Amino acid sequence: MKKVLTIVLGLAFAGINAQEKWSLKECVDYAVKHNLQVIQNEYSKQFQDTNLKIAQKNYLPSVSANMGNNVSFGQASLGTGSIRNDRYSNNVNIAADVLLFNNGRLEKTIRKTEFDVEASQYDIETIKNDISLQIARQYLTTLLNKEIVKIAQSATENAKKQYDRAKITTEVGTTAQTIVAEAEAAWAREKQNLKTAEINVDRSLFALAQLLQLKEYKDFDVEDVEISETLSPQLVSVDDVLNTAYETQPQVKAAQSRIKAAEAQTEVTKTAFWPTLTASIGLGTFYNNLLNTNNVGSSFFYVREGSLFQQYKDNFGQQGGVNLNIPIFNKGITKLQVEQSKINEFIAKNALEQQKQAVRQNVQQAQFDVDANYEVYLAAVEAEKSTKLAMDFADKSYAAGRTTIYDLNIARNNYANAQGSVEQAKYNYIFSLKLLNFYAGIPLSL
(Lines give C-alpha, C1' and ligand atoms only; values in the text may rest on other atoms or scores of the structure.)
Protein backbone atom coordinates (compact mmCIF):
# COMPACT_ATOMS: atom_id res chain seq x y z
CA MET A 1 0.00 0.00 0.00
CA LYS A 2 2.82 2.37 0.92
CA LYS A 3 4.53 1.66 -2.42
CA VAL A 4 1.34 2.41 -4.36
CA LEU A 5 0.88 5.66 -2.42
CA THR A 6 4.47 6.66 -3.19
CA ILE A 7 3.93 6.05 -6.90
CA VAL A 8 0.67 8.06 -6.90
CA LEU A 9 2.27 10.96 -5.07
CA GLY A 10 5.24 10.80 -7.40
CA LEU A 11 2.98 10.98 -10.45
CA ALA A 12 1.03 13.85 -8.91
CA PHE A 13 4.25 15.71 -8.16
CA ALA A 14 5.42 15.11 -11.72
CA GLY A 15 2.11 16.49 -12.99
CA ILE A 16 2.55 19.61 -10.89
CA ASN A 17 6.06 20.09 -12.25
CA ALA A 18 4.80 19.58 -15.79
CA GLN A 19 2.16 22.27 -15.26
CA GLU A 20 4.82 24.76 -14.22
CA LYS A 21 6.23 24.90 -17.75
CA TRP A 22 4.47 27.63 -19.68
CA SER A 23 3.93 27.73 -23.42
CA LEU A 24 4.25 30.98 -25.35
CA LYS A 25 0.47 31.16 -25.73
CA GLU A 26 -0.05 30.68 -22.00
CA CYS A 27 2.47 33.44 -21.27
CA VAL A 28 0.81 35.83 -23.69
CA ASP A 29 -2.71 35.03 -22.48
CA TYR A 30 -1.71 35.48 -18.85
CA ALA A 31 0.11 38.74 -19.53
CA VAL A 32 -2.71 40.42 -21.43
CA LYS A 33 -5.17 39.37 -18.72
CA HIS A 34 -3.19 40.46 -15.65
CA ASN A 35 -0.98 43.28 -16.90
CA LEU A 36 -1.67 46.49 -14.97
CA GLN A 37 -1.42 48.67 -18.09
CA VAL A 38 -4.11 46.60 -19.75
CA ILE A 39 -6.29 46.81 -16.65
CA GLN A 40 -5.78 50.58 -16.49
CA ASN A 41 -6.91 51.00 -20.09
CA GLU A 42 -9.86 48.71 -19.50
CA TYR A 43 -10.98 51.13 -16.78
CA SER A 44 -10.64 53.96 -19.29
CA LYS A 45 -12.79 51.95 -21.70
CA GLN A 46 -15.42 51.47 -18.98
CA PHE A 47 -15.37 55.23 -18.39
CA GLN A 48 -16.07 55.82 -22.09
CA ASP A 49 -18.84 53.20 -21.98
CA THR A 50 -20.45 55.19 -19.19
CA ASN A 51 -20.15 58.39 -21.22
CA LEU A 52 -21.98 56.65 -24.06
CA LYS A 53 -24.79 55.56 -21.73
CA ILE A 54 -25.09 59.15 -20.47
CA ALA A 55 -25.31 60.46 -24.04
CA GLN A 56 -28.01 57.91 -24.90
CA LYS A 57 -30.07 58.74 -21.81
CA ASN A 58 -30.21 62.42 -22.77
CA TYR A 59 -33.10 61.49 -25.06
CA LEU A 60 -35.20 60.89 -21.95
CA PRO A 61 -37.03 63.81 -20.30
CA SER A 62 -35.64 65.35 -17.15
CA VAL A 63 -38.05 65.04 -14.22
CA SER A 64 -37.63 66.83 -10.93
CA ALA A 65 -39.72 67.44 -7.84
CA ASN A 66 -39.42 69.99 -5.09
CA MET A 67 -41.08 70.85 -1.85
CA GLY A 68 -40.80 74.21 -0.11
CA ASN A 69 -41.64 75.13 3.47
CA ASN A 70 -41.65 78.70 4.78
CA VAL A 71 -42.59 80.18 8.14
CA SER A 72 -42.68 83.83 9.17
CA PHE A 73 -43.45 85.68 12.42
CA GLY A 74 -44.10 89.34 13.14
CA GLN A 75 -46.16 92.33 12.06
CA ALA A 76 -47.22 93.09 8.48
CA SER A 77 -48.30 96.56 7.28
CA LEU A 78 -52.03 97.13 6.78
CA GLY A 79 -52.99 100.61 5.56
CA THR A 80 -51.67 103.10 8.10
CA GLY A 81 -51.34 100.41 10.73
CA SER A 82 -50.12 96.88 11.05
CA ILE A 83 -51.44 93.43 11.68
CA ARG A 84 -49.99 90.33 13.20
CA ASN A 85 -48.84 88.01 10.41
CA ASP A 86 -47.59 84.67 11.67
CA ARG A 87 -47.70 82.37 8.68
CA TYR A 88 -46.66 78.89 7.54
CA SER A 89 -46.74 77.96 3.86
CA ASN A 90 -45.88 74.83 1.93
CA ASN A 91 -45.72 74.08 -1.80
CA VAL A 92 -45.14 70.87 -3.77
CA ASN A 93 -44.26 70.80 -7.48
CA ILE A 94 -43.14 68.23 -10.04
CA ALA A 95 -41.91 69.20 -13.50
CA ALA A 96 -40.56 67.53 -16.61
CA ASP A 97 -38.80 68.95 -19.65
CA VAL A 98 -37.50 67.40 -22.85
CA LEU A 99 -35.39 68.66 -25.73
CA LEU A 100 -37.41 68.78 -28.95
CA PHE A 101 -34.93 70.30 -31.37
CA ASN A 102 -31.30 71.42 -31.50
CA ASN A 103 -30.24 70.30 -34.99
CA GLY A 104 -29.49 66.72 -33.88
CA ARG A 105 -27.20 67.57 -30.96
CA LEU A 106 -28.11 64.46 -28.99
CA GLU A 107 -27.63 62.10 -31.94
CA LYS A 108 -24.31 63.72 -32.87
CA THR A 109 -23.09 63.52 -29.28
CA ILE A 110 -23.90 59.81 -29.19
CA ARG A 111 -22.04 59.23 -32.46
CA LYS A 112 -19.00 61.12 -31.17
CA THR A 113 -18.99 59.12 -27.93
CA GLU A 114 -19.27 55.85 -29.86
CA PHE A 115 -16.05 56.72 -31.69
CA ASP A 116 -14.39 57.46 -28.32
CA VAL A 117 -15.44 54.02 -27.06
CA GLU A 118 -14.10 52.44 -30.25
CA ALA A 119 -10.74 54.20 -29.88
CA SER A 120 -10.47 53.09 -26.24
CA GLN A 121 -10.97 49.47 -27.26
CA TYR A 122 -8.22 49.77 -29.88
CA ASP A 123 -5.94 51.31 -27.23
CA ILE A 124 -6.38 48.15 -25.16
CA GLU A 125 -5.53 45.99 -28.17
CA THR A 126 -2.43 48.09 -28.85
CA ILE A 127 -1.09 47.55 -25.33
CA LYS A 128 -1.88 43.84 -25.58
CA ASN A 129 0.10 43.65 -28.82
CA ASP A 130 3.08 45.48 -27.31
CA ILE A 131 3.09 43.15 -24.32
CA SER A 132 2.74 40.09 -26.56
CA LEU A 133 5.80 41.12 -28.58
CA GLN A 134 7.82 41.72 -25.42
CA ILE A 135 6.79 38.30 -24.12
CA ALA A 136 7.68 36.62 -27.43
CA ARG A 137 11.13 38.23 -27.54
CA GLN A 138 11.94 37.26 -23.95
CA TYR A 139 10.52 33.77 -24.48
CA LEU A 140 12.83 33.23 -27.46
CA THR A 141 15.75 34.66 -25.49
CA THR A 142 15.06 32.05 -22.83
CA LEU A 143 14.97 29.27 -25.42
CA LEU A 144 18.23 30.56 -26.90
CA ASN A 145 19.90 30.51 -23.49
CA LYS A 146 18.71 26.94 -22.98
CA GLU A 147 20.30 25.97 -26.30
CA ILE A 148 23.54 27.61 -25.21
CA VAL A 149 23.40 25.51 -22.04
CA LYS A 150 23.22 22.39 -24.19
CA ILE A 151 26.27 23.56 -26.16
CA ALA A 152 28.12 24.30 -22.92
CA GLN A 153 27.18 20.87 -21.54
CA SER A 154 28.52 19.19 -24.65
CA ALA A 155 31.74 21.23 -24.47
CA THR A 156 32.12 20.36 -20.78
CA GLU A 157 31.65 16.66 -21.49
CA ASN A 158 34.26 16.78 -24.25
CA ALA A 159 36.67 18.64 -21.98
CA LYS A 160 36.09 16.02 -19.27
CA LYS A 161 36.86 13.22 -21.74
CA GLN A 162 39.99 15.05 -22.84
CA TYR A 163 41.07 15.44 -19.23
CA ASP A 164 40.46 11.75 -18.50
CA ARG A 165 42.49 10.77 -21.57
CA ALA A 166 45.31 13.16 -20.68
CA LYS A 167 45.36 11.85 -17.12
CA ILE A 168 45.75 8.27 -18.34
CA THR A 169 48.49 9.11 -20.86
CA THR A 170 50.32 11.16 -18.26
CA GLU A 171 50.14 8.39 -15.70
CA VAL A 172 51.64 5.91 -18.18
CA GLY A 173 54.31 8.44 -19.07
CA THR A 174 53.45 9.07 -22.72
CA THR A 175 52.60 12.75 -22.14
CA ALA A 176 54.02 15.45 -19.90
CA GLN A 177 52.44 16.63 -16.67
CA THR A 178 51.65 19.99 -18.29
CA ILE A 179 49.24 18.24 -20.64
CA VAL A 180 47.00 16.98 -17.87
CA ALA A 181 47.24 20.36 -16.12
CA GLU A 182 46.10 22.18 -19.27
CA ALA A 183 43.35 19.61 -19.83
CA GLU A 184 42.14 20.11 -16.27
CA ALA A 185 42.22 23.89 -16.73
CA ALA A 186 40.25 23.58 -19.97
CA TRP A 187 37.68 21.42 -18.18
CA ALA A 188 37.40 24.01 -15.40
CA ARG A 189 36.85 26.80 -17.96
CA GLU A 190 34.08 24.81 -19.64
CA LYS A 191 32.41 24.17 -16.29
CA GLN A 192 32.55 27.89 -15.63
CA ASN A 193 31.02 28.58 -19.04
CA LEU A 194 28.30 26.04 -18.30
CA LYS A 195 27.49 27.67 -14.97
CA THR A 196 27.35 31.09 -16.65
CA ALA A 197 24.99 29.69 -19.29
CA GLU A 198 22.74 28.18 -16.64
CA ILE A 199 22.64 31.48 -14.76
CA ASN A 200 21.71 33.24 -18.01
CA VAL A 201 18.76 30.86 -18.35
CA ASP A 202 17.66 31.72 -14.81
CA ARG A 203 18.14 35.41 -15.55
CA SER A 204 16.04 35.25 -18.72
CA LEU A 205 13.33 33.27 -16.90
CA PHE A 206 13.32 35.88 -14.16
CA ALA A 207 12.98 38.67 -16.75
CA LEU A 208 10.07 36.81 -18.37
CA ALA A 209 8.39 36.32 -14.99
CA GLN A 210 8.79 40.06 -14.37
CA LEU A 211 7.08 40.82 -17.68
CA LEU A 212 4.27 38.49 -16.64
CA GLN A 213 4.21 40.28 -13.26
CA LEU A 214 4.25 36.96 -11.41
CA LYS A 215 4.48 37.13 -7.63
CA GLU A 216 6.29 33.78 -7.44
CA TYR A 217 9.00 33.19 -10.00
CA LYS A 218 11.40 30.62 -8.54
CA ASP A 219 9.57 27.58 -9.96
CA PHE A 220 8.67 29.31 -13.21
CA ASP A 221 9.82 27.64 -16.43
CA VAL A 222 8.90 27.52 -20.11
CA GLU A 223 8.27 24.67 -22.47
CA ASP A 224 11.12 23.33 -24.55
CA VAL A 225 10.24 24.08 -28.17
CA GLU A 226 11.80 22.18 -31.02
CA ILE A 227 13.14 24.69 -33.55
CA SER A 228 13.96 23.41 -37.01
CA GLU A 229 17.67 23.09 -37.66
CA THR A 230 17.21 24.43 -41.19
CA LEU A 231 15.55 27.75 -41.79
CA SER A 232 14.10 29.04 -45.03
CA PRO A 233 13.91 32.66 -46.22
CA GLN A 234 10.62 34.51 -46.01
CA LEU A 235 8.85 35.31 -49.26
CA VAL A 236 6.28 37.87 -48.08
CA SER A 237 6.23 41.21 -49.89
CA VAL A 238 6.82 44.16 -47.61
CA ASP A 239 4.12 46.13 -49.47
CA ASP A 240 1.60 43.38 -48.76
CA VAL A 241 2.61 43.40 -45.09
CA LEU A 242 2.20 47.18 -44.95
CA ASN A 243 -1.25 47.09 -46.52
CA THR A 244 -2.35 44.44 -44.03
CA ALA A 245 -0.78 46.32 -41.10
CA TYR A 246 -2.58 49.55 -42.01
CA GLU A 247 -5.87 47.65 -42.00
CA THR A 248 -5.34 45.53 -38.88
CA GLN A 249 -3.00 47.26 -36.45
CA PRO A 250 -5.08 48.65 -33.54
CA GLN A 251 -2.99 51.80 -33.11
CA VAL A 252 -3.90 52.81 -36.67
CA LYS A 253 -7.55 51.97 -36.10
CA ALA A 254 -7.55 53.96 -32.84
CA ALA A 255 -6.18 57.01 -34.69
CA GLN A 256 -8.85 56.62 -37.38
CA SER A 257 -11.58 56.43 -34.74
CA ARG A 258 -10.26 59.59 -33.09
CA ILE A 259 -10.46 61.42 -36.43
CA LYS A 260 -14.13 60.43 -36.67
CA ALA A 261 -14.65 61.50 -33.04
CA ALA A 262 -13.05 64.90 -33.73
CA GLU A 263 -15.22 65.41 -36.82
CA ALA A 264 -18.32 64.43 -34.85
CA GLN A 265 -17.34 66.86 -32.08
CA THR A 266 -17.20 69.64 -34.68
CA GLU A 267 -20.77 68.82 -35.69
CA VAL A 268 -21.82 68.84 -32.03
CA THR A 269 -20.22 72.25 -31.51
CA LYS A 270 -22.00 73.68 -34.57
CA THR A 271 -25.39 72.91 -33.01
CA ALA A 272 -24.82 75.91 -30.72
CA PHE A 273 -25.60 78.11 -33.77
CA TRP A 274 -29.12 76.65 -33.94
CA PRO A 275 -32.20 77.42 -31.86
CA THR A 276 -33.10 75.11 -29.01
CA LEU A 277 -36.70 74.03 -28.62
CA THR A 278 -37.76 72.43 -25.34
CA ALA A 279 -41.12 71.39 -23.92
CA SER A 280 -42.05 71.32 -20.27
CA ILE A 281 -45.00 70.30 -18.12
CA GLY A 282 -45.59 70.68 -14.43
CA LEU A 283 -47.96 69.86 -11.60
CA GLY A 284 -48.15 71.67 -8.29
CA THR A 285 -50.14 72.67 -5.25
CA PHE A 286 -49.67 74.70 -2.08
CA TYR A 287 -50.86 75.10 1.51
CA ASN A 288 -51.14 78.26 3.69
CA ASN A 289 -51.78 78.53 7.43
CA LEU A 290 -52.11 81.70 9.52
CA LEU A 291 -50.60 80.61 12.78
CA ASN A 292 -52.46 83.13 14.99
CA THR A 293 -55.98 82.25 13.76
CA ASN A 294 -57.96 79.51 12.10
CA ASN A 295 -59.92 81.99 9.95
CA VAL A 296 -59.11 83.84 6.75
CA GLY A 297 -61.00 86.68 5.07
CA SER A 298 -62.31 90.18 6.01
CA SER A 299 -64.00 91.24 9.23
CA PHE A 300 -67.38 90.73 7.58
CA PHE A 301 -66.70 87.34 6.02
CA TYR A 302 -64.56 84.76 7.73
CA VAL A 303 -63.74 81.37 6.29
CA ARG A 304 -62.17 78.61 8.31
CA GLU A 305 -58.80 77.54 6.94
CA GLY A 306 -58.78 74.20 5.16
CA SER A 307 -56.70 71.26 6.26
CA LEU A 308 -53.41 70.36 4.57
CA PHE A 309 -54.84 67.79 2.20
CA GLN A 310 -57.99 69.85 1.55
CA GLN A 311 -55.87 72.83 0.46
CA TYR A 312 -53.66 70.53 -1.61
CA LYS A 313 -56.82 69.41 -3.42
CA ASP A 314 -58.29 72.89 -3.83
CA ASN A 315 -55.00 74.51 -4.91
CA PHE A 316 -53.89 71.77 -7.34
CA GLY A 317 -52.79 73.15 -10.73
CA GLN A 318 -51.08 72.15 -13.96
CA GLN A 319 -48.94 73.98 -16.43
CA GLY A 320 -47.25 73.24 -19.74
CA GLY A 321 -45.21 75.16 -22.23
CA VAL A 322 -42.82 75.20 -25.13
CA ASN A 323 -39.67 77.31 -24.97
CA LEU A 324 -37.63 78.49 -27.94
CA ASN A 325 -34.11 79.75 -27.25
CA ILE A 326 -32.60 81.53 -30.26
CA PRO A 327 -28.87 82.34 -30.08
CA ILE A 328 -28.21 85.83 -31.38
CA PHE A 329 -24.83 86.93 -30.08
CA ASN A 330 -22.46 85.26 -27.63
CA LYS A 331 -19.30 87.28 -28.34
CA GLY A 332 -18.25 84.97 -31.19
CA ILE A 333 -17.37 82.20 -28.73
CA THR A 334 -19.27 79.51 -30.64
CA LYS A 335 -17.42 80.35 -33.84
CA LEU A 336 -14.09 80.08 -32.00
CA GLN A 337 -15.14 76.77 -30.46
CA VAL A 338 -15.88 75.42 -33.94
CA GLU A 339 -12.41 76.56 -35.05
CA GLN A 340 -10.93 74.71 -32.08
CA SER A 341 -12.80 71.56 -33.09
CA LYS A 342 -11.40 71.92 -36.62
CA ILE A 343 -7.89 72.18 -35.17
CA ASN A 344 -8.53 68.98 -33.20
CA GLU A 345 -9.47 67.31 -36.49
CA PHE A 346 -6.10 68.29 -37.97
CA ILE A 347 -4.35 67.05 -34.83
CA ALA A 348 -6.15 63.70 -35.07
CA LYS A 349 -5.31 63.36 -38.77
CA ASN A 350 -1.67 64.14 -38.06
CA ALA A 351 -1.69 61.53 -35.28
CA LEU A 352 -2.94 58.98 -37.82
CA GLU A 353 -0.06 59.80 -40.15
CA GLN A 354 2.36 59.44 -37.24
CA GLN A 355 0.95 56.00 -36.42
CA LYS A 356 1.17 54.94 -40.05
CA GLN A 357 4.74 56.20 -40.21
CA ALA A 358 5.62 54.24 -37.06
CA VAL A 359 4.02 51.08 -38.47
CA ARG A 360 5.81 51.57 -41.78
CA GLN A 361 9.16 52.00 -40.05
CA ASN A 362 8.54 48.96 -37.85
CA VAL A 363 7.60 46.81 -40.84
CA GLN A 364 10.58 48.02 -42.85
CA GLN A 365 12.88 47.43 -39.87
CA ALA A 366 11.43 43.94 -39.43
CA GLN A 367 11.94 43.23 -43.13
CA PHE A 368 15.53 44.46 -42.95
CA ASP A 369 16.18 42.37 -39.84
CA VAL A 370 14.67 39.29 -41.48
CA ASP A 371 16.93 39.60 -44.52
CA ALA A 372 20.01 40.52 -42.49
CA ASN A 373 19.50 37.86 -39.82
CA TYR A 374 18.97 35.19 -42.45
CA GLU A 375 22.26 36.10 -44.11
CA VAL A 376 23.97 36.07 -40.72
CA TYR A 377 22.42 32.67 -40.03
CA LEU A 378 23.73 31.23 -43.32
CA ALA A 379 27.20 32.62 -42.61
CA ALA A 380 27.12 31.24 -39.07
CA VAL A 381 26.15 27.78 -40.35
CA GLU A 382 29.08 27.80 -42.77
CA ALA A 383 31.42 28.96 -40.01
CA GLU A 384 30.14 26.19 -37.74
CA LYS A 385 30.86 23.57 -40.43
CA SER A 386 34.38 24.92 -40.94
CA THR A 387 35.19 25.07 -37.24
CA LYS A 388 33.74 21.59 -36.74
CA LEU A 389 36.03 20.26 -39.46
CA ALA A 390 38.97 22.15 -37.97
CA MET A 391 38.20 20.71 -34.53
CA ASP A 392 38.03 17.17 -35.90
CA PHE A 393 41.43 17.62 -37.60
CA ALA A 394 42.88 19.11 -34.43
CA ASP A 395 41.53 16.19 -32.39
CA LYS A 396 43.04 13.64 -34.76
CA SER A 397 46.35 15.52 -34.94
CA TYR A 398 46.52 15.71 -31.16
CA ALA A 399 45.80 12.00 -30.88
CA ALA A 400 48.62 11.35 -33.37
CA GLY A 401 50.96 13.63 -31.45
CA ARG A 402 51.35 16.14 -34.28
CA THR A 403 49.76 19.07 -32.43
CA THR A 404 49.54 20.39 -28.87
CA ILE A 405 46.66 20.38 -26.44
CA TYR A 406 46.61 24.17 -26.66
CA ASP A 407 45.78 24.00 -30.36
CA LEU A 408 43.08 21.45 -29.63
CA ASN A 409 41.51 23.68 -26.95
CA ILE A 410 41.51 26.63 -29.29
CA ALA A 411 39.76 24.53 -31.95
CA ARG A 412 37.19 23.34 -29.42
CA ASN A 413 36.54 26.89 -28.20
CA ASN A 414 36.14 28.10 -31.77
CA TYR A 415 33.63 25.37 -32.46
CA ALA A 416 31.63 26.11 -29.29
CA ASN A 417 31.59 29.80 -30.18
CA ALA A 418 30.47 28.95 -33.72
CA GLN A 419 27.65 26.79 -32.34
CA GLY A 420 26.55 29.66 -30.11
CA SER A 421 26.65 32.06 -33.06
CA VAL A 422 24.42 29.73 -35.07
CA GLU A 423 21.87 29.56 -32.27
CA GLN A 424 22.00 33.33 -31.75
CA ALA A 425 21.51 33.98 -35.47
CA LYS A 426 18.72 31.39 -35.65
CA TYR A 427 16.70 32.90 -32.81
CA ASN A 428 17.29 36.44 -34.05
CA TYR A 429 15.95 35.40 -37.43
CA ILE A 430 12.96 33.61 -35.91
CA PHE A 431 11.96 36.65 -33.84
CA SER A 432 12.34 39.09 -36.74
CA LEU A 433 10.29 36.74 -38.93
CA LYS A 434 7.61 36.36 -36.23
CA LEU A 435 7.50 40.14 -35.92
CA LEU A 436 7.08 40.59 -39.66
CA ASN A 437 4.38 37.93 -39.72
CA PHE A 438 2.68 39.64 -36.79
CA TYR A 439 2.35 42.82 -38.84
CA ALA A 440 1.04 40.66 -41.68
CA GLY A 441 -1.83 39.58 -39.42
CA ILE A 442 -0.41 36.17 -38.40
CA PRO A 443 -0.77 35.51 -34.61
CA LEU A 444 2.34 34.87 -32.55
CA SER A 445 3.16 31.19 -32.17
CA LEU A 446 6.10 28.78 -32.05
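When a residue number appears, it is its place in the shown sequence, counting from 1. Remember, predicted model here, so these are calculated numbers, not experimental data.
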Atom CD1 in Ile135, atom OG1 in Thr142: separation rounded to 0.5 Å?
9.5 Å

Residue Gln192 excluded, over 12 heavy atoms near CD under 6.0 Å
no

Lys/Arg-Asp/Glu bridge criterion (N-O < 4.0 Å) met for Asp224, Lys21:
yes

Would you say that Thr113 contacts Thr109 through its side chain, given a criterion of any heavy-atom pair below 4.5 Å between the two side chains?
yes

Is a donor from one side chain sitting under 3.5 angstrom from an acceptor on the other, for Gln134 and Gln138?
no

Indicate yes or no for a side-chain donor-acceptor contact from Ser432 to the backbone of Tyr429 under 3.5 Å, with no hydrogens or angles considered.
yes

Show your reasoning for whether side-chain contact (heavy atoms from CB on, under 4.5 Å) applies to Asn93 and Leu283.
CA-CA 6 Å; Asn93 298 282; Leu283 305 173; over 6 Å; no

Rounded distance (nearest 0.5 Å) linking atom NZ of Lys253 with atom CD of Gln355:
14.0 Å

Option from Gln251, Gln121, Gln249 for which side-chain contact (heavy atoms from CB on, under 4.5 Å) with Thr126 holds
Gln251

Do we get Lys191 above Trp187's six-membered ring, with its NZ or CZ under 6.0 Å from the centre and within 45° of the axis?
yes

For residues Leu143 and Val222, report the shortest heavy-atom separation together with the two atoms involved.
CD2-CG2, 4.3 Å

Report the C-alpha distance between Ile127 and Asp123 in whole Å, list the side-chain angles of each, state the deciding distance to 0.1 Å, and finish with yes or no for side-chain contact (heavy atoms from CB on, under 4.5 Å).
CA-CA 6 Å; Ile127 293 178; Asp123 287 341; 5.7 Å; no

Answer yes when Glu263 and Lys260 have at least one side-chain N-carboxylate O distance shorter than 4.0 Å, and no when they do not.
no

Before accepting this row, confirm whether a basic side-chain N of the pair Lys160/Asp164 lies closer than 4.0 Å to the acidic partner's carboxylate O.
yes

Donor-acceptor pair between Thr276 and Asn102 side chains, under 3.5 angstrom:
yes

With no hydrogens and no angle check, just 3.5 Å: does a side-chain donor-acceptor pair link Gln419 and Tyr415?
yes

Carefully, step by step, assess Asp369 and Gln365 under the rule side chain to side chain donor-acceptor pair (under 3.5 Å).
CA-CA 6 Å; Asp369 290 342; Gln365 182 66 54; 3.0 Å; yes

Non-hydrogen side-chain atoms of Gln318 and Ile281 separated by less than 4.5 Å:
no

Identify whether the distance between the nearest side-chain nitrogen and carboxylate oxygen of Glu114 and Arg111 falls below 4.0 Å.
no

Phe393 atom CZ, over 12 foreign heavy atoms within 6.0 Å
no

Check ion pair Lys342-Glu339 (N to O, under 4.0 angstrom)
no

Just by distance, do the side chain of Asn58 and the backbone of Leu106 share a donor-acceptor pair under 3.5 Å?
no

From Leu212 atom CG to Trp22 atom CH2, the distance as rounded to the nearest 0.5 Å:
5.5 Å

Okay, side chain of Asn414, backbone of Thr387: is any donor-acceptor separation there less than 3.5 Å?
no

Ion pair present between Lys45 and Glu42, side-chain N to carboxylate O less than 4.0 angstrom?
no

Any residue meeting side-chain contact (heavy atoms from CB on, under 4.5 Å) with Leu242, in chain and number order, not counting sequence neighbours
Tyr246, Arg360, Val363

So does Arg165 pair up with Asp395, basic N to acidic O under 4.0 Å?
yes

Under a 4.0 Å threshold between the charged nitrogen and the carboxylate oxygen, would Asp221 count as salt-bridged to Lys146?
yes

Quick one: do the Asn409 and Arg412 side chains pair a donor with an acceptor below 3.5 Å?
no

Does the pair Ile405 and Gln162 meet the rule for a side-chain contact (heavy atoms from CB on, under 4.5 Å), with working shown?
CA-CA 9 Å; Ile405 192 173; Gln162 181 179 312; 3.1 Å; yes

Output, in order, the C-alpha distance, side-chain angles, deciding distance and verdict of side chain to side chain donor-acceptor pair (under 3.5 Å) for Asn243 and Glu247.
CA-CA 6 Å; Asn243 292 333; Glu247 294 175 359; over 6 Å; no

Do other residues, nucleotides or ligands put more than 12 heavy atoms under 6.0 Å from Glu216 CD?
no

Quick one: does Glu125's side chain get under 4.5 Å of Val32's, heavy atoms only?
no

Can you list, pair by pair, the side-chain donor-acceptor contacts under 3.5 Å of residues 321-330, counting residues two or more places apart and other chains?
residue	atom	partner	partner atom	Å
Asn330	ND2	Thr334	OG1	2.7

Okay, side chain of Ser132, backbone of Val28: is any donor-acceptor separation there less than 3.5 Å?
no

Could you tell me whether the side chain of Ser204 and the main chain of Asn200 form a donor-acceptor pair under 3.5 Å?
yes

Between Thr404 and Asp407, is the side chain to side chain donor-acceptor pair (under 3.5 Å) condition met? List the steps.
CA-CA 5 Å; Thr404 66; Asp407 297 326; 3.1 Å; yes

Would you mind checking if Glu353 and Lys349 are paired as a salt bridge, meaning a charged N to carboxylate O distance below 4.0 Å?
no

More than 12 heavy atoms from other groups under 6.0 Å of CZ on Phe273
yes

Considering only NZ, NE, NH1 and NH2 on the basic side and carboxylate oxygens on the acidic side, decide whether Lys388 and Asp392 come within less than 4.0 Å.
yes

Using a strict cut-off of less than 4.0 Å between a Lys/Arg side-chain nitrogen and an Asp/Glu carboxylate oxygen, indicate whether Glu182 and Arg189 qualify as a salt bridge.
yes

Roughly how far apart are Leu140 CG and Asn145 CG, rounded to 0.5 Å?
11.0 Å

Indicate yes or no: does Lys25 engage Asp29 in a salt bridge with an N to O separation below 4.0 Å.
yes

Provide the closest heavy-atom pair for Ser23 versus Glu223 in the form atom of the first, atom of the second, distance.
CB-OE1, 3.4 Å

Closest approach of Asn373 and Asn428, non-hydrogen atoms and distance?
ND2-O, 3.3 Å

Any side-chain to backbone donor/acceptor pair from Thr169 onto Ala166? Under 3.5 Å, distance only.
yes

dist Thr266:OG1 -> Lys108:NZ (nearest 0.5 Å) comes out at 11.0 Å

